[in-house]
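Heads up: numbering here begins at 1 and tracks the sequence. Each ligand, and each atom within it, is numbered from 1 in the order the structure gives.
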Amino acid sequence: MVRYKVMLVFGTRPEAIKMFPVYDALKSLPQIETKVCVSAQHRALLDQVLDLAGVVPDFDLDIMAPDQTLDTLTARLILALGAVFDAERPDRVLVHGDTKTAMMAALAAYYRRIPVGHVEAGLRSGDIYNPWPEEVNRRIIACAANLHFAPTAGAAAALEAEHTQGRIIVTGNTVVDALLATQVRLREQPFLAGSIAPVLRRFAGRRIVIVTSHRRENLGQGLSNIAAAIRTLAQRDDVAIIWPVHPNPQVRATLEPALSGLENVALIEPLDYPGFVGLLDAASLVLTDSGGIQEEAPSFGKPVLVMRETTERPEGIEAGTARLIGTVPDRIVAEVARLLDDPQAYAAMAHAHSPFGDGQAAARIAAVLAEEAAARWVVPSLANLQSVSHAPSAP
Ligand code: UDP
């Protein structure tokens, strides 16, 4: 039997985290041959997730270069991905979200008329410069794809409003699948979160606030503001602030001078995924500009303060699991203090229902692709039957 060949393409940590449940779900289907191509747009952080998920890519473009600009990355990606698609001729390409890798994979596939499926489709901020360039990346992918796996009804509605061509399916967000599966693994194998043991010991008895920030829009002034707010919050002796710092040198250059040496602030290396999931479980609240963390934290009942001006995940704000607070230091300090000091305000956010999914998103995506694989299998056999029935009878 010729199997239906699906190629997953991704290049960064968040894409890998959100695609590994899809990979696992597809791998369990005998009628589908699953291939993985990574661009390694972010080498080290991507490799952490591949190791955890036990994924050995079939193609590793190792595209990251020291002189990388959006132009050079775009050019390298389309050439390299096109060559992989020419060699492999997948029946379908699956991309995730809004990275440069996802956009160029969608375009390279489209140029070859290979159908594209878009996981986490339909997120929109409505502002093409915020987040930049992701808002345009995902809109381009929507034009090239014909299967749109929308994480929420709101994302599906955004695609419908744009008269997007193709089929739109609401699946939930695959990050919830990844999070819940990792939580189960941690219960069975707690040592997997060993990377956080020293910092949790150091801050035993304090309420933990996780901070992450590395989005382009916050580099420079935004990050300096956030660091100033953290210095003020660090004056409280009931809290500990743990910040896994992104390797981006610009991020480190701002944070290290501003926050090193504070007794209850730990700037730590990026955590492997189980470590981060363990930390989230132990934390009281999260201050972040990350997209994925906005989606994960509510599944664990952790309030999220989003340090951005806009979010393409309004469902969290509407459900009450997140608040959009920007990056003005006084506002950040006031919002954190409110959650720490007002149990009712905290409970209202912690107990709000997560709108991002039930952990079955990957199964729903795999079911659609299984249907497609089955249709492929049935259509040629029907065609054969028809040609038999129309064949002239033997003399
Ligand atoms: N994450 C991680 N280790 C860390 C910080 C975050 O594994 O030290 C995970 C987090 O759980 C989430 C993802 O990385 O799933 C978020 O990545 P990022 O903030 O880089 O990207 P975004 O979600 O904004 O696209």
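Here I17 has side-chain heavy atoms under 4.0 Å from ligand 1, and that is the only part of it that gets that close. Under 4.0 Å from ligand 1, the heavy atoms of F276 that appear belong solely to its side chain. When heavy-atom distances to ligand 1 are checked against a 4.0 Å cut-off, R13 comes that close only through its side chain, counted from C-beta outward.
Among all protein heavy atoms, the one lying closest to atom 10 (C) of ligand 1 is E296 OE1, 3.4 Å. Looking from atom 24 (O) of ligand 1 to the surrounding protein, the closest heavy atom is G291 N, 2.8 Å. Looking only at heavy atoms of the protein, atom 25 (O) of ligand 1 is closest to P14 CG, 3.5 Å.
Residue S290 approaches ligand 1 through these ligand atoms, each under 4.0 Å from one of its heavy atoms: 16 (C), 18 (P), 19 (O), 22 (P), 23 (O), 24 (O). Within the listing of ligand 1, atoms 24 (O) sit less than 4.0 angstrom from a heavy atom of R215.
Residue-environment remark: OH (Y110) stays at or below the threshold of 12 foreign heavy atoms within 6.0 Å.
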- [ ] Test side-chain contact (heavy atoms from CB on, under 4.5 Å) on V251 and V245 and set out the steps.
- [x] CA-CA 8 Å; V251 174; V245 182; 3.9 Å; yes
- [ ] May I have the step-by-step check of side chain to side chain donor-acceptor pair (under 3.5 Å) for T12 and Q41, ending in yes or no?
- [x] CA-CA 6 Å; T12 63; Q41 194 180 321; 6.0 Å; no
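In this structure, H214 counts as a contact residue of ligand 1, since one of its heavy atoms falls inside 4.0 Å of the ligand.
A salt bridge links D67 with R76: at least one charged nitrogen is closer than 4.0 Å to a carboxylate oxygen.
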